[in-house]
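Dropping the structure in here first, questions after.
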There are 2 protein chains.
Amino acid sequence: MAIGVKDIATAAGVSLGTVSNVLNHPDRVSPRTRARVEKVMGELGFVPNESARQLRAGRSRTLAYVVLDATNPFFTDVARGVEETLAARDLSLYMCNSDNRADREANYLNRLEEQRVAGILLTPVDPEAPALDKISGRGTPIVIVDRTRIGDTHCSVAVDDVLGGRLALEHLLDRGHERIAFIGGPPSIGQVRDRHAGALAALSDAGLDESNLVRIDTSALSVGEGRQAAQRLAGIPGARRPTAAFCANDLLALGLLQHCVSTGVSVPDDLAIVGFDDIEYAGAAAVPLTSVRQPRLRLGRTAAELLLDEVENPDHKHQQITFTPELVARASTETRAN
Amino acid sequence: MAIGVKDIATAAGVSLGTVSNVLNHPDRVSPRTRARVEKVMGELGFVPNESARQLRAGRSRTLAYVVLDATNPFFTDVARGVEETLAARDLSLYMCNSDNRADREANYLNRLEEQRVAGILLTPVDPEAPALDKISGRGTPIVIVDRTRIGDTHCSVAVDDVLGGRLALEHLLDRGHERIAFIGGPPSIGQVRDRHAGALAALSDAGLDESNLVRIDTSALSVGEGRQAAQRLAGIPGARRPTAAFCANDLLALGLLQHCVSTGVSVPDDLAIVGFDDIEYAGAAAVPLTSVRQPRLRLGRTAAELLLDEVENPDHKHQQITFTPELVARASTETRAN
DNA sequence: ACCGAAACTTGAAACCTTTCAATCCAATGT
DNA sequence: ACATTGGATTGAAAGGTTTCAAGTTTCGGT
């Protein structure tokens, strides 16, 4: 059924090798034969079998980005940065969504390794997972995106999350808040820990006790979890209730905000909110959201460049690149009228 | 360097065929040898070469979803539905982002066909593109998602966009609006045409002239374009300026809304807004957005099921499935106090 | 102990390309 | 005319796996 090089060769009256040359080394073939072969290919609807190609030639022109949550605009923006860089070199990118589940991530990594993709960009569920070493040890380079990993066994690009957390908290402290909720989780996520740590650091720098940061744990960084956190926050007795919330990402912040708006809690008067990531929807929210911005596209572009270097450059050196986040102040933390 | 079945066979003291059987037909192998072979595989870090596998066996365990705009939450929600269905059968999904560009789409389709993926889910830039017929004619099934195509050469799942447009307009007419903007484009997108047609139909059913639907063309369905459309809308002299806007999707509506809020145009009092898709951020917007809801997850699940049927079932029949949209009323169209 | 059947294992062929050393041929220089 | 050159073409081998017909072992029954 399927047309192969052999059929083309027969139909065009040339040898197998010549057909292959037309495909891979057009310069080695005389213009006349090349034209003939290409014509036949068109007529017969020849589609090269990439499996056979790759098996023989060993190379691969596809990379993959295994993303933690494809529905989070932050990651799709990073992906856009990656694609920009890859498209310029005629490489394809497959996106895989681990949905924050280690088993799904492992599954995808496995499949990708079996497929012998040229390289993998990964925002891992657990950056310390030993599987990552195994995979890159066997020859599939992995670049870690938006996370960091202890040691220098991999390239990585990330944002200084501790600093980000600090920025967020300093902003709130500046605005007079002293009792602040930290909403985020699960704590297994290194970023959540880092952002929390940064917040704590800012607090103690300001001479305040750590107990002023009320931790509200969530089981994921999603809008739905944000809404639930809002309920728990509302359940805290008035006197002890925080006047501001720092959310570990914008989805949580949006959920929190949504709940506040619908239950009549005024933002920022009753509760100031700071998010993290500054996704496009943050600025368009019910109350435009103050957020800690990460350079999403640059993150993606840089990650792609590191990966390409690792793929192509024999004396590649691993690099851990850290970008600096930036606080974008909006209405959700405007100083209260008093 | 890389470990192959041959190495495993040697190390475990069995034949090639047996190793293969351990991999593909564990029941044909005695537990004892199986254990031994598996142990060796683990020790040597054997990773099957999927290219070779696929070349020989002909099958493939991956499907792909070529999406129009990975940053639009609508599509990532559809993708989630797809993944749900596929994960249950241990199939992997690769997502590719055509970014609304025909060349990129063609590129991806090409790569996927060369890769011999089992099947493709596609939200095409142009549903009538002849390339689609060619590809499925050569044996890679394609299911069209969120679009329809003339004829029954492919399976498709979509929402009745004409009805959706009608619902949106009826809602606005009910609320007393008579001069309404239709914001969307480019008109090459069939959905935009359909939603517009539905809007027109509702208008004439209500006995109003078509000139009451002011068309504002955009070059894409994005937040940024929504903001630009807002400016054009604002430029229309007061008397002729519409009192309501129906946006071809929620991203446009969010952009429009954002611009209104920041320039002091009151929504819904000065301008009522209806979006389309009802993405998660619609309800969380500055003014919660009235929108026409599409059953995103079901769309994805159903598309995946159709594709699987086409892949697995020899006497598969193409089906064009249409879902019914539903209007979700929120604050952005609340009746004006009068 | 021996038979036959059932359970397991084997080895070679096939999948479709790319690669590369060898061959061919036309054109050039003498 | 003839040797030389160098570009164009060829054909067989190789790449890692699955398949399947054929071969070998094991075991219950007698």
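Residue numbers begin at 1 in each chain, while the letters A, B, ... track the order of the sequences.
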Review point. Side chains of A/T76 and B/N97: closer than 4.5 Å at any heavy-atom pair?
Key: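 No; the side chains remain at least 4.5 Å from each other.
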Review point. Counting just side-chain N and O atoms, does A/S30 come under 4.0 Å of either OP1 or OP2 of D/dA8?
Key: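 Result: no.
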Review point. Of the nucleotides C/dT9, D/dG11, D/dT17, which one has an atom closest to the side chain of A/S15?
Key: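 Closest nucleotide among those given: D/dG11.
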**Study point:** Point-to-point distance, once rounded to the nearest 0.5 Å, from SG of B/C96 to CG of A/L93
**Key:**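 Here the interatomic distance stands at 8.0 Å.
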Point to revise | Chi angles and distances behind the salt bridge (charged side-chain N to carboxylate O under 4.0 Å, His left out) call for B/E113, B/K134 | key: CA-CA 11 Å; B/E113 195 185 1; B/K134 293 224 183 88; over 6 Å; no
Review point. Taking CG from A/L55 and C1' from D/dT17, how many angstroms apart are they, rounded to a whole number?
Key: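 Taking atom C1' of D/dT17 as the reference, CG of A/L55 is at 8 Å.
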Exercise for review: For B/K6 and D/dT17, give me the distance from atom NZ to atom P, rounded to whole Å.
Suggested key: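 Distance check: B/K6 NZ to D/dT17 P gives 9 Å.
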Review point. Between C/dT9 atom P and B/R34 atom CZ, what is the distance in whole Å?
Key: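 After rounding, the reported distance stands at 11 Å.
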Review point. Roughly how many Å is it from CG in A/N49 to C1' in D/dT17, rounded to a whole number?
Key: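 Spelled out: CG on A/N49 to C1' on D/dT17 is 13 Å.
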Practice item. Apply the test side chain to side chain donor-acceptor pair (under 3.5 Å) to residues B/N49 and A/Q54: give CA-CA distance (whole Å), side-chain angles for both, the deciding distance (0.1 Å), then the verdict. Key: CA-CA 10 Å; B/N49 183 326; A/Q54 199 173 303; 5.7 Å; no
Point to revise | Residue met sooner reading DNA chain C from 5', once B/T18 and A/V5 are mapped to nucleotides | key: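 Residue closer to the 5' terminus by nearest nucleotide: B/T18.
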Practice item. Round to a whole Å and report the spacing from CG of A/D27 to C1' of D/dT9. Key: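 Answer to the nearest Å: 14 Å.
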Practice item. Determine the contact category for B/V29: base if any of its heavy atoms lies under 4.0 Å from a base atom, sugar-phosphate if only primed atoms, P, OP1 or OP2 are that close, otherwise nothing. Key: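 Counting heavy atoms under 4.0 Å across all strands, the contact made by B/V29 is with sugar-phosphate only.
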**Study point:** B/R53 CZ - D/dG16 C1' separation (whole Å)
**Key:**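 These atoms are roughly 11 Å apart.
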For a quick test of your reading: what N or O donor-acceptor pairs under 3.5 Å do the side chains of residues 2-18 of chain A make, sequence neighbours left out?
from  : atom 1 : to    : atom 2 : distance (Å)
A/D7  : OD2    : A/G4  : N      : 2.7
A/T10 : OG1    : A/K6  : O      : 2.9
A/S15 : OG     : A/G17 : N      : 3.4
A/S15 : OG     : A/T18 : N      : 3.4
A/S15 : OG     : A/T18 : OG1    : 3.3

Review point. Any side-chain heavy atom of B/R80 within less than 4.5 Å of one from A/D69?
Key: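 Yes - at least one pair of side-chain heavy atoms lies under 4.5 Å apart.
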Check your understanding: In terms of side-chain heavy atoms of B/P31, which of C/dC16, C/dC8, C/dT9 is nearest?
Key ->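 Closest nucleotide among those given: C/dC8.
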Point to revise | Out of C/dC8, D/dT18, C/dT18, whichever nucleotide has its closest atom nearest the side chain of B/L23 | key: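 Of the candidates, D/dT18 comes closest.
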Exercise for review: Would you kindly give the CD-to-P distance between A/E50 and D/dG15, to the nearest whole Å?
Suggested key: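 Those two atoms, CD and P, are 19 Å apart.
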Can you name the atoms? Protein N/O to nucleotides 19-24 of chain C N/O, anything below 3.5 Å, with the distance.
from   : atom 1 : to    : atom 2 : distance (Å)
C/dT19 : OP2    : A/H25 : NE2    : 3.4

Practice item. Using a cut-off of strictly less than 4.0 Å between a heavy atom of the residue and any atom of DNA chain C, enumerate the qualifying residues of residues 107-120 of chain B by number. Key: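 None, since no heavy atom is under 4.0 Å.
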Exercise for review: Would you mind checking if B/K39 and B/E43 are paired as a salt bridge, meaning a charged N to carboxylate O distance below 4.0 Å?
Suggested key: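 Yes, this pair counts.
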Exercise for review: Answer yes or no: is there a donor N or O on one side and an acceptor on the other, between the side chain of A/D99 and the main chain of A/R101, under 3.5 Å?
Suggested key: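 No.
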**Study point:** Below 4.0 Å: OP1/OP2 of D/dG16 and any side-chain N or O of B/S51
**Key:**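 The answer is no; no side-chain N or O of B/S51 sits under 4.0 Å from OP1 or OP2.
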Review point. Under a 4.0 Å N-O cut-off, is there an ion pair linking A/E114 with B/R61?
Key: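 Between B/R61 and A/E114 there is no salt bridge, as every charged N stays at least 4.0 Å from the carboxylate O atoms.
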Practice item. Report the nucleotide, chosen from D/dT17, D/dG15, C/dT10, that has the shortest atom-to-atom distance to any side-chain atom of B/V14. Key: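 Closest nucleotide among those given: C/dT10.
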Review point. Please walk me through it: do A/Y94 and A/Q115 pass side chain to side chain donor-acceptor pair (under 3.5 Å)?
Key: CA-CA 12 Å; A/Y94 291 156; A/Q115 219 110 266; over 6 Å; no
Review point. Taking CZ from B/R36 and C1' from C/dC8, how many angstroms apart are they, rounded to a whole number?
Key: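 In whole Å, C/dC8 C1' lies 12 Å from B/R36 CZ.
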